[in-house]
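Quick note on labels: first sequence line is chain A, next is B, and so on, each numbered from 1.
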Amino acid sequence: MNIRLTLPDGSVREVARGTTPADVAGQIGPGLAKAAVAAKVNGAVWDLHRPLETDADFAILTNRDPAALDVLRHSSAHILATAVREIFPGAGIGFGPPIEDGFYYDFDVPRPFTPEDLAEIEHRMVAVAKRDDPFVREVVDRDTANTRFSDDALKLERIEELGDDEVISVYTNGPFTDLCRGPHIPSTGLVKHFKLLHAAAAYWRGDENRQSLQRIYGTAWFTKAELEAYLHRLEEARKRDHRILAKQLDLYSIQEDVGPGLVFWHPKGAMVKWLLSREVEDDNLACGYDLVYTPNITREELFQISGHLPLYEAQQYPGMGAGREEAEHVRYRVKPMNCPMHTLIYKSKQRSYRDLPVRLSEVANVYRNERSGTLHGLLRVRGLCMDDAHIFCTPEQAEDEIFLCLDQVDRLIRRTFGFEMSFELSTRPDEKLGDDVAWDETEAILQRALERKEIPFSVDQGGGAFYGPKIDIKFLDAIGRAWQGPTIQLDSQLPERFALEFIGADNQPHRPIMIHRAIYGTLERFIGTLIEHFAGAFPVWLAPEQVRVIPISDAQAAGAHGVAENLRSAGLRVHVDDRTETLNYRIREGEVMKVPYMAVIGQRELESGSVAVRVRGTGKKQEILPVERFVARLVEEVRTRALSP
RNA sequence: GCCACUGUAGCUCAGGGGUAGAGCAGCUCACUCGUAAUGAGCAGGUCGUCAGUUCGAAUCUGACCAGUGGCUCCA
């Protein structure tokens with residue numbers, strides 16, 4: 001009996017039932033057969049040696065196909081497990097999936113893996129791969145599966161969970177058999193270019209109440225060039241680490257005496273933070289926002305009303321005693337967010353529909369008691385500064401307001417920094433306030449705004465905040481990493497909980513809707529990402545020190561200070577390095593500190609009223625410019641927020 | 001919060017049961033220099049904190065604190 005396969009080019013090929021994708025590839029051509037890694041059958045990835053049973057849409061996957069890379073990595077994980085089992089007999093095996101850029105496998109072993117273990121395991125993996133054992137798929141019944149994995153509690157638990165209608169498949173390569181859905185590469189020999197990266201603990205099933213397993217991470221690629229490019233990318237990322245760069249550039253510190261996750265902004269980092277704050281505040285004012293300032297602590301009742309405390313108490317700092325004159329039971333909390341505060345400003349007087357939208361913005365510090373293990377440089381902190389704003393408007397106005405928020409994002413993130421962005425609509429979570437009707441409406445508003453702005457977006461089902469759906473925006477940095485950026489959230493719950501009202505044209509009270517929105521998110525995280533994005537070399541407008549003026553010798557020192565004064569009065573941030581160090585020494589330090597411009601002044605420049613301009617990172621290609629032209633050029637670069645140098 | 005690893009001078013790091021070392025940075029002196037480190041000298045540390053073992057602890061043990069990599073979490 002024959003079956004009909006529809007190939008990607010639309011042609012139909014008739015083959016005998018039970019033919020394998022490998023056979024089909026061979027029929028099509030020897031080149032394809034050689035390059036084949038897996039097949040796609042009716043949209044699902046299949047093993048090359050799994051017999052075809054029915055008519056299907058059919059495609060051969062080669063090493064150029066991203067889906068094939070997942071198969072390779074999945075098989076690499078099995079090879080890893082094979083090697084671990086050979087070196088550590090009896091090691092329990094958890095899960096071993098492909099992940100972005102690589103794979104991991106979780107093991108239940110008596111002691112954690114050492115770096116030496118990893119080297120040995122990697123070595124053994126090479127041997128396992130070289131044996132070129134085929135990956136053999138078998139479908140088994142539940143009893144057989146239980147017998148096969150009788151000595152492996154983790155696998156038995158997994159088998160237990162499989163539904164009765166699910167196919168139980170196992171894959172064997174040489175001595176190693178694993179319960180696995182597949183698919184896999186035809187044989188282990190295809191895994192040639194891989195590297196184990198590190199070992200870390202991970203909970204079984206990701207549940208912190210369950211046992212801890214030892215996870216080994218690795219990466220695998222089809223070609224040596226791809227592997228090397230990836231390792232190079234890791235190295236690049238390491239060199240851009242904001243924690244290291246920030247120390248070098250003296251931007252911030254975190255002091256053990258004060259506590260983890262609490263940032264001390266040194267003068268240079270503080271300058272960057274101030275410039276960004278000013279940037280967003282200027283934009284806010286231009287967009288019709290008002291600035292407000294609100295208290296850092298509040299009676300905790302406020303967060304009872306808002307609904308945050310019952311849900312997020314663990315992440316708030318504990319309550320503080322009341323003031324001496326007040327009753328014992330009154331407790332205060334440091335604020336973890338600003339929304340209830342802004343809500344109270346809205347509520348401080350009666351609002352007319354003519355007043356709406358009311359847009360309140362505040363660059364404000366808030367404190368969240370993040371779990372200690374999650375803290376990471378500037379990217380995850382406990383004391384954070386948000387460029388926060390809340391818009392109170394009618395439900396009819398909400399779509400336009402969201403639209404304007406998206407405009408701000410476009411201006412302040414994409415246009416100013418050149419970041420590419422991706423948008424995600426997050427919908428109602430399980431733990432939520434409010435009924436489904438309200439959620440239907442608010443989700444629809446966000447969706448319409450995105451569609452009207454013609455922004456492509458993905459949907460994160462259940463990813464919304466407990467009080468409303470949101471648009472999360474990620475941006476890509478210079479080396480292609482995605483970062484969590486702006487967030488725009490719609491909220492009909494807080495207006496409800498605080499009983500917010502406006503008087504409508506009908507002279508009746510109505511409930512406004514509320515938009516929470518942050519463009520940079522937190523200044524800490526945003527600056528952390530900017531440091532990594534620019535590798536510490538900020539654009540001129542954002543550089544804490546924009547120009548370093550360097551007289552060649554003492555004879556030009558006074559002249560250098562004169563030039564610096566000139567630059568300074570044009571609003572530029574200037575420093576004169578007239579130390580009695582060699583010119584080379586001072587130039588080097590300017591480069592290391594990533595100052596965008598150095599203006600070197602020798603006798604020739606002094607006499608001609610010019611400077612020798614050295615642009616950061618461009619080495620010896622200096623340019624001699626009259627001082628006025630140099631000033632004009634910098635002022636223009638600052639004004640236009642030029643990205644280079 | 002959990003698991004593992006790490007903590008020595010301002011920074012990067014070596015050392016290691018008999019009371020501490022390098023390079024850079026800092027200070028002093030000399031050099032006054034044409035685009036990425038001039039030379040010499042000086043100074044600098046309760047070896048994360050607190051206990052324990054020991055004649056003796058920076059070194060061994062434990063607890064705690066902090067950092068790192070993950071897990072988990074992220075209004």
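Note: CD (A/Glu524) to C1' (B/C74) measures 15 Å, nearest angstrom. As a whole-Å value, the separation of A/Leu384 CG from B/A75 P is 12 Å. Rounded to an integer number of Å, the gap from OH of A/Tyr203 to P of B/G1 is 11 Å. Protein atom CG of A/Asp472 is 13 Å distant from nucleotide atom P of B/C74, rounded to whole Å. Put simply, CG on A/Leu378 is 13 Å from P on B/G67, counting in whole angstrom units. Counting to the nearest Å, the P atom of B/A75 and the CZ atom of A/Arg428 are 18 Å from each other. Per the geometry, CG belonging to A/Asp577 stands 13 Å off C1' belonging to B/U35, to the nearest Å. Computed from coordinates, the A/Leu379 CG to B/G69 P distance equals 10 Å when rounded to whole Å.
If you check the side chains of A/Gln316 and A/His308, you find no donor sitting under 3.5 Å from an acceptor. Side-chain atoms of A/Ser253 and A/Lys247 form no donor-acceptor pair, as typed in the model, at a separation below 3.5 Å. Side-chain polar atoms of A/Ser422 and A/Glu424 form no donor-acceptor pair below 3.5 angstrom. Side chains of A/Glu637 and A/Tyr597: a donor-acceptor N/O pair is present below 3.5 angstrom, by distance only. With hydrogens and angles left out, the side-chain atoms of A/Thr427 and A/Gln461 include a donor and acceptor closer than 3.5 Å. Donor-acceptor pairing under 3.5 Å is lacking for the side chains of A/Asp106 and A/Trp204.
Residue whose closest nucleotide on RNA chain B sits further toward the 5' end, between A/Gln622 and A/Arg368: A/Gln622. Each of A/Ala612 and A/Arg215 was matched to the nucleotide of RNA chain B holding its nearest heavy atom; the match closer to the 5' end belongs to A/Ala612.
A/Phe113 comes within 4.0 angstrom of no nucleic acid atom, judged by non-hydrogen atoms across all strands. A/Glu605 comes within 4.0 angstrom of a base, heavy atoms only. Counting non-hydrogen atoms under 4.0 angstrom, A/Arg586 reaches nothing in the nucleic acid.
Of all heavy-atom pairs spanning A/Gln484 and A/Ile473, the tightest one is NE2-O, 3.6 Å. Considering every non-hydrogen atom in both A/Thr522 and A/Arg525, the closest pair reads OG1-N, 3.0 Å. Contact record, A/Pro486 with A/Ile413: CG-CG1, 3.9 Å, taken as the closest heavy-atom pair.
Taking the C1' atoms as reference points, B/C74 lies 23 Å from B/A4, given to the whole Å. The gap from the C1' atom of B/C60 to that of B/G44 amounts to 29 Å, rounded to the nearest Å. B/U19 sits 14 Å from B/C55 when the C1' atoms are compared, rounded to a whole Å. Separation of the P atoms belonging to B/A22 and B/G15 is 15 Å when rounded to the nearest angstrom. With both ends at atom P, the span from B/G48 to B/A30 equals 40 Å, rounded to whole Å. Nucleotides B/G23 and B/G62, compared at atom C1', are 36 Å apart to the nearest Å. For the P atoms, the distance from B/G45 to B/C31 is 32 Å, rounded to whole Å. On the P atoms, B/G10 is 15 Å away from B/C27, given to the nearest whole Å.
Using bins of under 30°, 30° to 60° and over 60° for the plane-to-plane angle, the ring pair A/Tyr467/A/His516 lands in the parallel bin. Relative orientation of the A/Tyr252 and A/Trp265 rings is tilted, given thresholds of 30° and 60° on the angle between their planes.
A salt bridge does not link A/Arg579 with A/Asp554: every distance from a Lys NZ or Arg NE/NH1/NH2 to an Asp or Glu carboxylate oxygen is 4.0 Å or more. A salt bridge links A/Glu157 with A/Arg205: at least one charged nitrogen is closer than 4.0 Å to a carboxylate oxygen. Between A/Lys470 and A/Asp472, at least one side-chain N (NZ, or NE/NH1/NH2) sits under 4.0 Å from a carboxylate O, which counts as a salt bridge. Taking the charged nitrogens against the carboxylate oxygens, A/Arg511 and A/Glu496 do have a contact shorter than 4.0 Å, which makes a salt bridge.
Near-neighbour residues of RNA chain B inside residues 246-265 of chain A, defined by a heavy atom below 4.0 Å, number-ordered: A/Lys247, A/Glu256, A/Pro260. Within a heavy-atom distance below 4.0 Å of RNA chain B, the residues of residues 546-553 of chain A found are A/Ile552, A/Ser553. RNA chain B is contacted by A/Ile587, A/Arg588, A/Glu591, A/Val600, A/Gly602 of residues 587-602 of chain A, taking any non-hydrogen atom closer than 4.0 Å.
When distances run from any side-chain atom of A/Arg382 to the nucleotides B/A36, B/G69, B/G1, the shortest one goes to B/G1. Proximity note for A/Gln603 (side chain, C-beta onward) versus B/G34, B/G1, B/U35: the nearest is B/G34. Here B/G69 is the nucleotide among B/C74, B/C33, B/G69 with the atom lying nearest to any side-chain atom of A/His376. The side chain of A/Tyr312 lies closest to B/A75, out of B/A75, B/G34, B/U35.
Contact annotation: A/Arg243 side-chain N/O to B/U68 OP1/OP2 distance is under 4.0 Å. Neither OP1 nor OP2 of B/C74 sits under 4.0 Å from any side-chain N or O of A/Thr374. Between A/Arg616 and B/A36 there is no side-chain polar atom (N or O) within less than 4.0 angstrom of OP1 or OP2. The shortest distance between the side-chain N/O atoms of A/Arg380 and the OP1/OP2 oxygens of B/U72 is not below 4.0 Å. Between A/His198 and the phosphate of B/U68, there is no side-chain N or O to OP1/OP2 separation shorter than 4.0 Å.
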Inset, instruction - Would you sketch RNA chain B in dot-bracket for me? Only Watson-Crick or G-U wobble pairs with both distances under 3.5 Å count, crossing pairs as [ ], other-strand pairs as |, the rest as dots. - result: (((((((..((((....[..)))).(((((.......))))).....(((((..]....))))))))))))....
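Around CD of A/Glu301, the count of heavy atoms belonging to other residues, nucleotides or ligands within 6.0 Å does not exceed 12.
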Inset, instruction - Determine, stepwise, if the pair A/His390 / A/Tyr346 fulfils ring pair (Phe, Tyr, Trp, His ring centres under 6.0 Å). - result: CA-CA 10 Å; A/His390 297 93; A/Tyr346 177 88; over 10 Å; no
Using nucleotides 38-43 of chain B, report all nitrogen or oxygen pairs with the protein that are shorter than 3.5 Å.
{"from": "B/U38", "atom 1": "OP1", "to": "A/Thr582", "atom 2": "OG1", "distance (Å)": "3.4"}
{"from": "B/U38", "atom 1": "OP2", "to": "A/Thr582", "atom 2": "OG1", "distance (Å)": "2.9"}

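Residue A/Glu532 is tested with A/Arg243, A/Lys239, A/Arg240, A/His242 for a side chain to side chain donor-acceptor pair (under 3.5 Å); the sole match is A/His242.
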If you look only at distance, which donor and acceptor atoms sit under 3.5 Å apart when one is on a side chain in residues 92-102 of chain A and the other is two or more places apart or in another chain?
{"from": "A/Asp101", "atom 1": "OD2", "to": "A/Arg233", "atom 2": "NH2", "distance (Å)": "3.3"}

